Amino acid sequence: MKELPKAYNPRDVEDKWYQYWESNNFFHATVDKRKTPYTIVIPPPNITGSLTMGHVLNNTIQDILIRWRRMQGYEACWIPGTDHAGIATQSAVEKALEKEGLKRHDLGREKFVERVWQWKEQYGGTIIKQLRKLGASCDWQRERFTLDEGLSEAVKEVFVRMFEKGLIYRGKYIVNWCTFHQTALSDDEVDYVETNGNLWHFKYPIEGTDEFVIVATTRPETMLGDTAVAVNPRDERYRHLVGKNAILPLVGRKLPIIADDYVDETFGSGMVKVTPAHDPNDFLMGQRHHLEQVNIFDEKGYLNTSVPKQYVGIERFACRKQVVKDLEAQGYLLKVEPHTHNIGRCYRCHTIIEPYLSDQWFVRMKPLAEPALRVVQEGKIRFHPERWEKVYEHWMNNIRDWCISRQIWWGHRIPVYYASDGQLTAARDEHEARTKLGLDPGAPIRQDDDVLDTWFSSWLWPFSILGWPRDSKDLRYFNPTDTLVTGPDIIFFWVARMIMANMEFLNGEPRFDGKPRTKDEELVPFRDVYFTSMIRDLQGRKMSKSLGNSPDPLDVIEEYGADALRFTVAFLSPLGQDVLFSSDKCEIGRNFANKIWNAGRFLLMNKTELEGSVHDEEIEHVPEEHLDLADRWILSRLHHAVRDFNAALGEFHLNESSKILYDFIWHNFCDWYVELVKTRFYGDEPVDVKRVVLRRALWIFDRALRLLHPMMPFVTEELWQHLADRKGKTIMRAPFPTVDQRWIDQKTEDDMAFVQDVINAVRNIRGENNISPSKDITVQVRCADTARAAIVNTYGSYLKKLGRVSAIETLTTSVKPKLASSAVVNGTEIFVPLEGLIDLDAERSRLEKEIARLQQVLEGIERKLGNASFVERAPKEVVEREREKQASFKTNIEKLKANLVQLSS
RNA sequence: GGACGCUUAGCUCAGCUGGUUCAGAGCGCCGCCCUUACAAGGCGGAGGUCGAAGGUUCGAAUCCUUCAGCGUCCACCA
């Protein structure tokens, strides 16, 4: 065997193993009825993006879960893919065109969409490639795209079914209009930014009187579209005005004065100008009072011809200035006050959103929301952390219809067809449309120009990628999926809608075993939703390109290794809390990988040493001969670790589960077990016993690697391949360790804890007295009882090796050695004779400090026991335990005190 | 305006259903060590009245109330 380098170098191994796994199809899952499926669908990243720390966290978690379940024997399937990201992608391509001096209209729809596809082929796979560097074990053969043929089919099917069921309708509605993209945006696509603006107060004359109404607005230009003035019906001040008309300055339109509860009589003048075409609340008021809707803008935000001609064609913010100026000139401006309010901006281009009245397609959400809310409330889908359920509930109870049309070209074109007479229908293709509309094959027919909101394909993701609407074995087997791992920021965009879609459209689909799906239970798209942490920088700011505080994960992988990055983010990710990250934190993972590497190196070196020519066969079962305390202890710790790890990961406590492995491997296996195994390797036991000890250590290490593999796939595979002849095999498909209660043993752990305490006491004496590690010392021990004496006698070699002790003497009389440093462990006294070495003052203060510490604890105990109501009311076991503690502390303190006296004499 | 979350060592955070020397880990810091797996390491050590004030309880970092600071989401009043 060739020598392994002293330090682990991820660059030497990562790509090699990834290629090995992928080329051997180890990631691929197939329908296997003997196994239970475990499925995760990836939240499809945008084709415009590249890998961010957010993706790293999200996909590391998915990979950990998938690898873990795969090793546990599930048919684990992780389906990857990308999202076409309508607006984002179209913008990216338009930007590229701009450099050529072109606009999309110069190319025309067909050519432009072709360009976007070209762009997608070139750049769209960036993240997918980068995920491989991270070690993601996605089933690449199943990779999908939200605009590929299968998904198109699903989208059309869904649209037509909903249309036929009356769940989709077309309507005039106030939408959030982005004047840059010239498209409607859903409510979720609008960002509100607190902005300093003005509140302008105007007066409008009242018809046939000398009176005025006083109204205020933050958007003066919209007054050109005013069609009413409203007051609160309870407002005594204005009751007499209701029913009269105001006259709109600059325009001359009569504005009825109406009474509506929406108006807050305590705000401003208590009068509100009503602009139904340009304000969502005014729109609703307009509907209640059948007001005229005057749309004053065109699609780009310029004034249209429904306003007086001097304003036609002016840009909206220029118009604002002009209107204010004109009103002021005519004496209608009362005052201007500074006013802070939230302004909606496009989440892509940050253009100020214009509430805009236009024809759009909508999905009726109420009927879909009800069952989707219920399955979460009934626990058929569980959110982690749970508190997101409340957020979900609130949204679902106040759900609004979903505007699904977008006035762009890149996306699923709305499958609605119009005959020349204006009749329309939804259809899967033109042929079907003609039939439905009763048109001849040659008759003119036109498809809707708009495309669907990107989320209209994403919400079908968990079943469309499995072949729906066609009958598919995959669908029946892998859906419902098991775990969804995503950010809480898209709980409404995506998570809620997937639940609705799965419930609505899979209703009636058979299961893989042929049985009909039971109501609800089998209709959910997934059973657990894990909401990931938000990655922030060390100042707690969001990672963002503009701040430049987002490390490039590929650089981090290059510097620290993928395993280090993966382990570190898992280690830092508490459930439901943000993560403050900087790349140097990856030292945690890198150092850990190196630690494991060297533990493996140690075992392999001894393997060469002890077995001469290397036996490269598997060690199937743990060798049970020649067990000593350390062996039984590490086996107990191992099974504890397996049990605790499974429990923690099962609850999605990533940080806890990684900590369990860290502690087991580093602080149990390396710090103690490996050191104790050395006492046997270098001791005088027969070589065949040493071989058993070695093979046991190898077996345990093998299990540790398996445990760690989901978190650190590369280093574990590399070492695992070295441990035995594993040609053609892979650790990623080796069975995950299971818990064997037989090995979990409290007595063993207690005995070992005693040994460790004794060793720690000796180390403490050495450290505090500044005795060089190279200086041998002798130790005298007076044991509290025969059981402890037996342990000390049997495992003195442990103390000798780890305490660097040359000789141990057991004291039988009560005589105390002179000039010795001392300690007490559970009544067992330890003396280290230090003639000539000891610093008496230092030793005295060390003992005094220890006595004071114990004294403090004892006082606490005695205070408790002195409290009559504690003794009376606390459970018996608790009181009893306190009594035992009291006795034990007392003896320890007495012994230390005696030692102190001895030292001073 | 509404909902939720956070506040524990210099820094980043664990501490689940109140009770085992419950006040912990990693990093940083101090001291001693290149001991034949590992200096990306080993051993020892110093550091905190658990945000504030009340309350419940025999007992509170843990449960309740109020307050302060920070953060997230929702709504958006002209």
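All chains are named by letter (A, B, ...) in the order of the sequence lines, taking the proteins before the strands, and each is independently numbered beginning at 1. A quick note: this is a predicted structure, and the numbers were derived from the prediction, not measured.
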Base paired to [N] (Watson-Crick or G-U; both N/O distances under 3.5 angstrom):
N	value
B:C77	none
B:U62	none
B:G69	B:C6
B:U20	none
B:A25	B:U12
B:C32	B:G42

Of all the choices, B:A37, B:C58, B:A78, which nucleotide is nearest to the side chain of A:Cys670 once you look at every atom?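 Of all the options, the side chain of A:Cys670 is nearest to B:A37.
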Which nucleotide in the set B:C76, B:A40, B:C58 lies at the smallest distance from any side-chain heavy atom of A:Ala874?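 So the nucleotide nearest the side chain must be B:C58.
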Using only heavy-atom distances, determine whether the side chains of A:Glu393 and A:Asn397 contain a donor-acceptor pair under 3.5 Å.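 Checked: A:Glu393/A:Asn397 side chains show no N/O donor-acceptor pair below 3.5 Å.
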Under a 3.5 Å threshold, yes or no: a donor from one side chain and an acceptor from the other, between A:Glu337 and A:His201?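 Indeed, the side chains of A:Glu337 and A:His201 share at least one donor-acceptor pair under 3.5 Å.
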Regarding [X], tell me which of base, sugar-phosphate or nothing describes its non-hydrogen contacts under 4.0 Å with the strands shown.
X	result
A:Arg590	base
A:Phe592	nothing
A:Lys849	sugar-phosphate
A:Trp200	nothing
A:Asn398	nothing
A:Glu675	base

Tell me whether B:G41 sits syn or anti, counting syn as a glycosidic angle within 90° of 0.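 This nucleotide is in anti.
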Along RNA chain B (nearest heavy atom to each residue), the more 5'-positioned of A:Gly600 and A:Trp666: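 Of the two residues, A:Gly600 wins.
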Please report, rounded to the nearest Å, how far the C1' atom of B:C11 is from the NZ atom of A:Lys585.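 For the pair A:Lys585 NZ and B:C11 C1', the rounded distance is 8 Å.
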Tell me, please, whether A:Phe571 has A:Lys585 positioned over its six-membered ring: NZ or CZ under 6.0 Å from the ring centre and within 45 degrees of its axis?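 Pair A:Lys585/A:Phe571 does not count as cation-pi.
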Under 4.0 Å between a side-chain N/O of A:Asn591 and OP1 or OP2 of B:G41, yes or no?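 So the side-chain polar atoms of A:Asn591 do come within 4.0 Å of the phosphate oxygens OP1 or OP2 of B:G41, strictly under.
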If you take atom types as modelled and just measure distance, does the side chain of A:Lys6 reach the base of B:A40 with a donor-acceptor pair under 3.5 Å?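 Looking at the base of B:A40, it does not pair with any donor or acceptor on the side chain of A:Lys6 (distance under 3.5 Å).
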Base B:C38 paired with A:Lys595 side chain (donor-acceptor, <3.5 Å):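 In this structure, the two groups form a donor-acceptor pair.
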